[in-house]
**Q** 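Take this structure, written in structure tokens, and hold onto it; I'll ask about it next.
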Amino acid sequence: ASSSSSSHFSSSSRFLLETPSSFGDEPWLTTPGYNHDSLIPAPSWVGLALGWTMTGIYMSGRVPQIMMNYKRGSVEGLSISMFTLAVIGNATYMASILARSCAWWRIKPNLPWLVDAAMCLMLDAVILSQYFVYMLRDRRLKRAASAETAAVARAG
């Protein structure tokens with residue numbers, strides 16, 4: 001194990017395990033000297049690189065959905081409850097990281113996951129906005145069509 005301070009938290013998981021828990025006195029979380037060896041020996045940058053890769057891949061999945069919704073002018077077939085729960089999940093995930101501390105040395109190892117959660121929140125907000133815009137438009141069109149049908153029936 002390296003003794004330099006820059007390698008103390010080689011991944012966010014290790015960081016969270018080495019930080020005392022505020023939810024209780026679980027000995028496996030707070031005992032000094034607890035063995036935190038990696039399951040697979042790897043340089044400390046590997047976890048960070050995987051985190052940034054995950055961020056790019058995960059966020060890139062939202063953009064084609066936004067574009068398809070825009071081109072179709074519809075969110076038909078989209079599970080709005082899934083996106084709503086994703087927003088809640090990403091918001092609470094970000095809050096859980098930032099609630100521990102806003103100090104840069106604590107945020108830095110979690111940066112890929114924070115960026116991912118923040119960007120997904122923004123992209124999910126676009127998708128949810130599309131849902132409400134298209135839903136309101138469709139309701140107006142249905143009302144107009146119903147009014148036109150009723151007018152034709154009265155005239156006929």
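For the single chain, residues carry numbers from 1 onward in sequence order. Every value quoted in this text rests on a predicted model; they were computed, and no experiment measured them.
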**Q** Got a sec, which residues hit side-chain hydrogen bond (donor to acceptor under 3.5 Å, both in side chains) with Asn69, two or more places apart in sequence or on another chain?
**A**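 Counting only residues at least two positions away or on another chain, Asn69 forms a side-chain hydrogen bond (donor to acceptor under 3.5 Å, both in side chains) with Gln65, Gln130.
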**Q** Can you list everything that forms a side-chain contact (heavy atoms from CB on, under 4.5 Å) with Ser101? Sequence neighbours excluded, please.
**A**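 For Ser101 the side-chain contact (heavy atoms from CB on, under 4.5 Å) partners, ignoring immediate neighbours, are Ala103, Arg106.
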**Q** Which donor-acceptor pairs under 3.5 Å do the side chains of residues 83-90 make with protein atoms, sequence neighbours left out?
**A**
residue: Thr84; atom: OG1; partner: Ile80; partner atom: O; Å: 2.9
residue: Asn90; atom: ND2; partner: Ala86; partner atom: O; Å: 3.2

**Q** What donor-acceptor contacts under 3.5 angstrom involve side-chain atoms of residues 46-58, with partners at least two apart or in another chain?
**A**
residue: Thr53; atom: OG1; partner: Ala49; partner atom: O; Å: 2.8
residue: Thr55; atom: OG1; partner: Gly51; partner atom: O; Å: 2.9
residue: Thr55; atom: OG1; partner: Pro112; partner atom: O; Å: 2.7

**Q** Using the salt bridge (Lys or Arg N to Asp or Glu O under 4.0 Å) rule, collect all pairs that involve residues 39-52, keeping only residues at least two apart or in two chains.
**A**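 Those involving residues 39-52 do not exist here.
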**Q** Mind checking the CH2-OG spacing from Trp113 to Ser96? Nearest 0.5 Å is all I need.
**A**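 Result: 13.0 Å between the selected atoms.
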**Q** Between Tyr70 and Tyr134, what is the shortest heavy-atom contact and its length?
**A**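 In terms of heavy atoms, the two residues are closest at CA-OH, 3.4 Å.
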**Q** Does anything in residues 43-59 form a salt bridge (Lys or Arg N to Asp or Glu O under 4.0 Å)? List the pairs, not counting sequence neighbours.
**A**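 The answer is none; no pair qualifies.
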**Q** Please list all pairs passing the salt bridge (Lys or Arg N to Asp or Glu O under 4.0 Å) test where one or both residues lie in residues 121-133, with sequence neighbours left out.
**A**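 Listed once each, the pairs are Arg62-Asp124.
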**Q** Dump the intermediate steps for side-chain contact (heavy atoms from CB on, under 4.5 Å) on Leu98 and Leu114, then the final yes or no.
**A** CA-CA 9 Å; Leu98 297 175; Leu114 282 169; 4.2 Å; yes
**Q** Can I get a per-line list of side-chain donor-acceptor pairs under 3.5 Å for residues 135-144, giving both atom names and the distance, sequence neighbours left out?
**A**
residue: Arg137; atom: NH1; partner: Gly73; partner atom: O; Å: 3.1
residue: Arg137; atom: NH2; partner: Gly73; partner atom: O; Å: 2.6

**Q** Carefully, step by step, assess Leu123 and Ile127 under the rule side-chain contact (heavy atoms from CB on, under 4.5 Å).
**A** CA-CA 6 Å; Leu123 294 172; Ile127 291 170; 5.6 Å; no
**Q** If the condition is side-chain hydrogen bond (donor to acceptor under 3.5 Å, both in side chains), which residues does Ser81 pass it with, not counting sequence neighbours?
**A**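 If we apply the side-chain hydrogen bond (donor to acceptor under 3.5 Å, both in side chains) test to Ser81, skipping adjacent residues, the hits are Ser79.
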**Q** Under the salt bridge (Lys or Arg N to Asp or Glu O under 4.0 Å) definition, can you give me all pairs with a residue in residues 112-123, not counting sequence neighbours?
**A**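 As it turns out, there is no salt bridge (Lys or Arg N to Asp or Glu O under 4.0 Å) pair with a partner in residues 112-123 once direct neighbours are skipped.
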**Q** How long is the gap from NZ on Lys108 to CG on Asn110, to the nearest 0.5 Å?
**A**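 The distance works out to 12.0 Å.
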**Q** Do Met68 and Leu128 share a hydrophobic cluster, counting only Ile, Leu, Val, Met, Phe, Trp and Tyr and linking them when any side-chain heavy atoms are less than 4.5 Å apart?
**A**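 No: no chain of side-chain contacts under 4.5 Å links Met68 to Leu128.
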**Q** Which pair of heavy atoms, one from Glu76 and one from Arg72, lies closest together, and at what distance?
**A**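 So the two residues come closest at O-NH2, 3.1 Å.
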